[in-house]
Amino acid sequence: MAQLLTCAAQGNEHYTGVAARETAQALRTLAQAARGVAASTKEPQSAAAMLDSAQYVMEGSAMLIHEAHQALVSPGDAESQQRLAQVARAVSHSLNNCVNCLPGQKDVDMALRSIGEASKKLLVDTLPTCSKSFQEAQSELNHTAAELNHSAGDVVHSSRGTSSQLAMASGKFSEDFDEFLDTGIEMAGHTQCQEDQIEVIGNLKNISMASSKLLLAAKSLSVDPGAANAKNLLAAAARTVTESINQLITLCTQQAPGQKECDNALRELEAVRGLLDNPSEPVSELSYFDCIESVMENSKVLGESMAGISQHCKTGDVPAFGHCVGVASKALCGLTEAAGQASYLVGVSDPNSQSGHEGLVDPIQFARANQAIQMACQNLVDPASSPSQVLSAATIVAKHTSALCNACRLASSKTSNPVARRHFVQSAKEVANTTANLVKTIKALDGDFSEENRDRCRVATTPLIEAVENLSTFASNPEFASIPAQISNEGSAAQEPIVRSARSMLDSSTLLLETARSLIINPKDPPTWSILAGHSRTVSDSIKSLITSIRDKAPGQRECDYSIDNINKCIRDIEQASLAAVGQSLQGCRDDISLEALQEQLTSSVQEIGHLIDPINTAARSEAAQLGHKVTQLASYFEPLIVASVGLASKIMDQQQQMNILDQTKTLSESALQMLYAAKEGGGNPKAAHTHDAIAEAVQLMKEAVDDIMVTLNEAASEGGMVGGMVEAIAEAMGRVRRTTVYVHACMTKSVTCPEELGGLASQVTVDYSQLAHQGRLAAATAEPEEVGFQIKTRVQELGHGCIYLVQKAGALQMSPTDSFSKRELIECARGVTEKVSMVLSALQAGNKGTQACITAASTVSGIIADLDTTIMFASAGTLNPENEESFADHRESILKTAKALVEDTKRLVSGAASSQDRLAQAAQSSANTITMLTDVVKLGATSMGSDDPETQVVLINAVRDVAKALAELIGATKCAAGKPADDPSMYQLKSAAKVMVTNVTSLLKTVKAVEDEATRGTRALEATIECIKQELTVFQSKDVPEKSTTPEEFIRMTKGITTATAKAVAAGNSAQQEHVIATANLSRKAISDMLTTCKQAACHPEVSEEVRSKALHYGSECTTGYIDLLEQVLLVLQKPTADQRQQLAVHSKCVAGCVTELIQTAEAMKGSEWVDPEDPTVIAETELLGAAASIEAAAKKLEQLKPRAKPKQADETLDFEEQILEAAKSIAAATSALVKSASAAQRELVAQGKVGSILANAVDDGQWSHGLISAARMVAAATSNLCEAANASVQGHASEEKLISSAKQVAASTAQLLVACKVKAQPDSEAMRRLQAAGNAVKRASDNLVKAAQKAAFDKADDHSVVVKTRFVGGIAQIIAAQEEMLRKERELEEARKKLAQIRQQQYKFLPTELREDER
């Protein structure tokens, strides 16, 4: 009803309708409950009162809904708003009367009123005359205090019993309070000092307020026994009563030594005993391991205080005895609280239990504040109130209103309901404003206690009380209430040992304190000492049992053991299935379950397991109460996982695929087992830091296992043509549409299970559709061509009509939850909405053509860059030879013409970002085609220059590589800027990328023109290198984090290249020879690029501190800047070769050397104390080379055994494709075998010449070189073996032509690397090197022949594909979506494959020594 009022006042029709439906449903439930209460009440008057009050509620609610409708019709009408508020107050009053008619509630209200009337005795200015002596008054005060404390305990227990028990207990409590209050006033009259008298009266007022809070808490608990935290609040109120009584007794009584302290302690123990009764609510904020620490600390304190009690009883030191009793009491209360909290955590952590959830607000807090403010306002307007009482009441009002405003502020920030948020804010403003007005009148009253000021104060209290009552009513909405925990029977059984030990501790402690109370008076009684010792032993044994029980019942441990056993069983099952698969006797599930169904079940199980990894990680580290739930949930998914995995494997014919599925399932199970062991060890203890590393490692392994099996399943799905999850995958990219689909499916589910929840789901569908409509309108307005925009608009409108029908049917079903016809209609509407969602998705995808073309073009350019890297390797090795007699001049014009065409494409690409998607797509495709052509003609030009000048070849290829790299950046910037306004930051990035592109194309043109001019080509190469390094430095200084990290050792190895390049730069400047300058330019480009890349990767490692990271990045920039200055100085020397200019070279080189030193020190700081120098032995080089040759020969023999048998050594054009594949593969195998043998001979020749020692004389240099040679030989052997396998599989029909092409290219690339490795220290004119060069050329030719044959076969095969187009509309749309989905997936796979290839090459290239990279002969 409070929401109904708020929504109607705000004019929100949607939420008003929702609130009205919920109100009607609640009234129906209320009517049934009222009839049930009346039927079960024995007193006719009470039954009639209940029915009458319920009828008043119904009548008032009908008027309220009518007035709410009128307020919606005229939202600004003040009269209708006033009538609505009046009717609402009447309904609220009727509801309170209805609640008060419940059995027991009336008696509690009478007790509250009785306490309020009795408390007025404390407001008099003068106390009545004493009628009893001090001793009699003191004895009576002790007696009535004990009775009141006992009655408070009875109220706590009866609140969980029957209504008659609560009525009896509350009546007895009010009587005992009245007697205690009279006795307290009598004691106050005996005090001689005015200040003591005021203090006694103040304590009595505190007891009065605590008693009222106790009855309010008991009333709340009896009305709603399942309310969250209600039991703890009741126990806390009872403890407050006990503490208030203890304070008064301590102040007023003069007893025998030590009696007062013992009585206070006994009352405190009695008050906390209730915490152990059915601990189903949290007692405190302590975690489980905090509870253990608290028990340990308090037990230590208790042991010391018990020893003190015994000692001081012997010595008669009464003050010290009293202090020890107080300390023991506090320790026992702490032990009880920790035991109660631990038992709650044990119970709620059981997998069958349900943990509670904190609500938006605490209704009990609001009810207490309401009661306290009402009592304070009564004191304010009471004519008998003194000035101090007025100020005290004002303080109470200010404190509680401030707390209410803070609670409203927090609630408004947490809720997602806009109406509730606005209501909380508005209520807080009303409370604050009325409080401010009341404070003004209180200040006036404090200055002049006149009747006029008191009347103003009375008037000001009315709106405050009304505002607080309205807020309390709104806060009592069940929607905002907390959800209490539900402890299962198993959880309760697990709690029992802890609770039993804690009760035994309290019982024995109570007996110990009673014994100590008698001993402090008569310490010479030996039997009493014996009794005290017995109770002390019992307390110690109880605490030991408590500690043992808490440790043994740690949450999650039992569940971890169960889950570990379960997963071990699953691992055994999967191992048996693997053995059966090897023996080809694997038996799966029923035949009526399809392969696709099994795959979906397996995928679903793996996904659910993956979703649980992070929650288990969190629970194992810091949330012990959740550990049992999460690990049990994890283990429950493994049985269906194993069943689906075995079933899927049994339906797959390929044994290799069978074993892959089973092995990856086993790996996933084993990683889960390791994670469970780590989680059990961690146990949710945040202080067990030594276990967190093992947990993190296990979590990472688990995630990798999930990723691996998901990749396998996705590949199997794509190969089998299973595209069932296609629409969902696209929908995830469209966030708004995805949520609509989720809520639609939820509507279908709730229509069967929980029809009452359909209102909220329908509301969420409405909100999401409004956001989707807004985004769809923008998309339709910007879509090109107009047909696509019209299609988006039309399909979004059709989706809107479907959502309208869906919401209408949901409302009809909510009014008639059992109507099967309404359920069928709702399900049909939900299916229609789902279909319309897919139509919207296909329309949105159609309008995104340009962006897709950019993604495709970027993938193409990435492949071109990788191909250019391989070409540079061949050129550096001196193996890039022309196939015929041609010169560079034959290709110059083609290069210039194609480069200019690329500039035009760049302009169109930049302008396409601000134009239509069609133009953007055309520009992207055109630029990709042009860069492909440019790359081809530049490679031909570089080849035509011959291998006699490899440095110039590398300069030319580097120039076109820079262009390709800039184009990739430009395409990425264009994709981000497409459709953005001119002032968007992405447009500025696009313009910057375009400038870099034009600069690099210009540099290429200059290089092409200068390449044949021996006098200037070195200078031109140096200028291009300087520009490239500046661009690399810009990327290095950006805030982009690299995708991977590297080691400090690798970083240090890269800095060595800077040192060598610096020396060459100085030498080139001094010699001023163009060939030296070209070599310096190529080496500098490579050295600086590698250093910047590894510097940023090493600095961004997660284990590197922020200080070291900043230093590394700073010195990396400084080193690069210094090196640029050095190269620019070399340029100056080339232009003006004076002695002064040459002297400056040394200055710049020293600057670079200093930066390199700082970089090395920074890298060693990254490594820390674990730094060691790598030692790679040279002596194993010969063995490894011969082993590689043997491996290649074995692969060649394997090829010889394949069909068809031996063929002529010359290529025969008449052979079919399979025979060509085998012939080419055999040629490659034979050539690589000869190549590795030649490399082995070259190695022996180097040892004989003394350039490589046969012992570890120079382990750093020769060892690194040998490692590079070994790595290259291994790569050739591995690539050749892969080629043989691919050829075999291709002939048998098990592999694609693409795999064969990739294998052949890898053989060529690894061959080039081996040539580089061998030529590093060899004599270029030696016989071994000539044989090596010839063998390398043979491998390259054989690889090219195989690639051409496979490409031709793939091209011919592609022409045979045909497409069947579906004629039905929905089927056609689905076919389009399927084709687009497959295209995007293939493009993504292509991009990932290229990245993976680039990373593999980079990692393998790292094993080459620095001298090899320099190509120093």
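By convention here, the first residue in the shown sequence is residue 1. The basis for the numbers below is simple: all heavy atoms, side chains too, and nothing from hydrogens, waters or symmetry mates.
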Those residues that, when tested against [X], pass salt bridge (Lys or Arg N to Asp or Glu O under 4.0 Å) (two or more places apart):
X	answer
Arg1142	none
Glu1023	Arg1020
Lys1111	none

Beyond-backbone contact of [X] with [Y], side-chain heavy atoms, under 4.5 angstrom:
X	Y	answer
Thr871	Gln953	no
Thr1162	Tyr1115	yes
Leu1159	Cys1119	yes
Val1035	Lys1096	no
Thr1019	Val1077	no
Ile1029	Leu1127	yes
Ser1003	Glu1027	no
Leu1004	Leu934	yes

Roughly how far, to the nearest 0.5 Å, is the [atom2] atom of [Y] from the [atom1] atom of [X]?
X	Y	atom1	atom2	value
Ile1052	Ile1160	CD1	CD1	6.5 Å
Leu967	Thr906	CG	OG1	6.0 Å
Leu1022	Arg1085	CG	CZ	10.5 Å
Leu1145	Thr1062	CG	OG1	11.5 Å
Glu1032	Leu1092	CD	CG	6.5 Å
Gln1144	Ser1149	CD	OG	10.5 Å

Is the backbone of [Y] close enough, under 3.5 Å, to the side chain of [X] for a donor and an acceptor to pair up by distance?
X	Y	answer
Gln1129	Gln1141	yes
Tyr1123	Ala1061	yes
Ser992	Gln989	no

Please report the C-alpha distance between Glu1128 and Lys1030 in whole Å, then the side-chain angles of each, then the deciding distance to 0.1 Å, and finally whether the salt bridge (Lys or Arg N to Asp or Glu O under 4.0 Å) criterion is met. CA-CA 12 Å; Glu1128 289 176 344; Lys1030 288 181 178 179; 3.6 Å; yes
Minimum heavy-atom separation for [X] and [Y], please, with both atom names.
X	Y	answer
Leu956	Gly941	CD2-C, 4.2 Å
Gly1069	Val1133	O-CG1, 3.1 Å
Leu868	Ala964	CD1-CB, 4.5 Å
Met1166	Ala1112	CE-CB, 3.5 Å
Asn1000	Ala966	ND2-CB, 3.4 Å
Thr1080	Ala1065	CG2-CA, 3.5 Å

Residues at least two apart in sequence or cross-chain that pass side-chain contact (heavy atoms from CB on, under 4.5 Å) with Ser1071, listed by chain then number, are Gln1073, His1076
Apply side-chain contact (heavy atoms from CB on, under 4.5 Å) to Thr1002 and list each qualifying residue two or more places apart in sequence or on a separate chain. Val998, Lys1006
Residues Asp962 and Gln1031: side-chain donor-acceptor under 3.5 angstrom: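 Asp962 vs Gln1031: no donor-acceptor pair found between side chains.
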Counting only heavy atoms from other residues, nucleotides and ligands, does the tally under 6.0 Å from CD of Glu1107 exceed 12? no
For a side chain to side chain contact (heavy atoms under 4.5 Å, CB included) check, start with the C-alpha distance between Val1156 and Met1091, then their side-chain angles and the critical distance, and finish with the verdict. CA-CA 10 Å; Val1156 170; Met1091 185 276 292; over 6 Å; no
Partner of Asp869 under salt bridge (Lys or Arg N to Asp or Glu O under 4.0 Å), picked from Lys1086, Arg961, Lys965, is Arg961
For residues 937-946, pull every pair meeting side-chain hydrogen bond (donor to acceptor under 3.5 Å, both in side chains), keeping only residues two or more places apart or in separate chains.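 Residue pairs passing side-chain hydrogen bond (donor to acceptor under 3.5 Å, both in side chains), neighbours aside: Asp867-Lys939.
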